[in-house]
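Only heavy atoms go into these numbers, but all of them, side chains included; no hydrogens, no water, no symmetry mates. FYI, the numbering just counts along the sequence from 1.
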Amino acid sequence: MHRSLCRQTVPWEAVLALDGAGPDRLPAALASDPRVRTLTVPRPVGAACARNLALNLVRTPYVNWADDDDLFPDHAMAARLGAVEQAGVGWCAGWSEDLHPDGSTTLWRCPAPPGRHEAGDVWTYWLSPADTIPIGPTTILARTELVRAAPMGGLVQGEDYMTAVGITSLAPGILLPLPVYRYRKHTGQMTAQPGYDQLESAARVHAWQYGRSLRSLLHREALRG
């Protein structure tokens, strides 16, 4: 992840949430980079809580969540930053790629189509909780105030489904037809661990219902206004 950030063509700053781990475990390249700041959580609290606490330290106008075992294509930040500022919207996302151990990639086109989406419209492409999520959470670059209004959900997994639905429900955005994130596939990733599927269905139902309720309430308030 750090090497891919260093290849970006726009300024960036990273906040690392160390969930129950000490800063002494940071690789030297990260520890010596002034653009990298760390939040040391004194005990393991899980990804959702750790990421939300790290959000307190963000001082850039835009935020992009990411996992430390993944990476960004070289154009990822510049392409989305240019699109979101030109359109004056709250967020910009794109497609993603699975990066396999042999170096090959598989493109994933999310169900939401490319182009502009008004607030709440992305959720409509998530037809049921069992279907593929409508947009890749880690492909979203969003205004910081928007991310703070739609942080990670309080789930042990699928917390990023919640923030993706929240961000896209609260503001209009742009989906670019190009990959902006690479998921590195390996045996150590959380989604490959035994028992991960046990709560996946419940997490999806919770996030799907959250999106439905949020969209309904915001639409109702807009009609009243």
Exercise. Taking atom types as modelled, is there a side-chain donor on Ser169 or Tyr210 under 3.5 Å from an acceptor on the other?
Worked result: no

Exercise. Does one hydrophobic cluster hold both Val45 and Leu57, with members joined at side-chain heavy-atom distances below 4.5 Å?
Worked result: yes

Exercise. Say you draw a straight line from OG of Ser201 to NE2 of His206; how long is it, rounded to the nearest 0.5 Å?
Worked result: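 Answer for the OG-NE2 pair, Ser201 versus His206, is 13.5 Å.
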
Exercise. Between OG1 of Thr106 and NE2 of His100, what distance do you get to the nearest 0.5 Å?
Worked result: 3.0 Å

For this session: Give the ring-plane orientation class for Phe72 versus Tyr181, where under 30° counts as parallel, over 60° as perpendicular and anything between as tilted.
Result: perpendicular

Check for a donor-acceptor pair, side chain of [X] on one end and backbone N or O of [Y] on the other, with a separation under 3.5 Å.
X	Y	answer
Asn52	Met152	yes
Asn64	Thr138	yes
Thr163	Asp160	no
His75	Pro179	yes
Arg80	Trp91	no
Ser96	Arg182	no
Asp67	Asp69	no
Arg109	Trp95	no
Trp126	Asp131	yes
Gln8	Pro73	yes

Exercise. For the residue pair Pro44 and Asp19, what are the closest heavy atoms and their distance?
Worked result: CA-OD1, 3.2 Å

Problem set entry | Heavy-atom closest contact (Gln157 atom, Ala203 atom, distance) |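 Closest pair (atom of Gln157, atom of Ala203, distance): O-CB, 3.5 Å.
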
For this session: Begin from the C-alpha positions of Arg143 and Tyr62 and carry the test side-chain contact (heavy atoms from CB on, under 4.5 Å) through to its verdict.
Result: CA-CA 4 Å; Arg143 298 184 187 276; Tyr62 299 94; 3.2 Å; yes

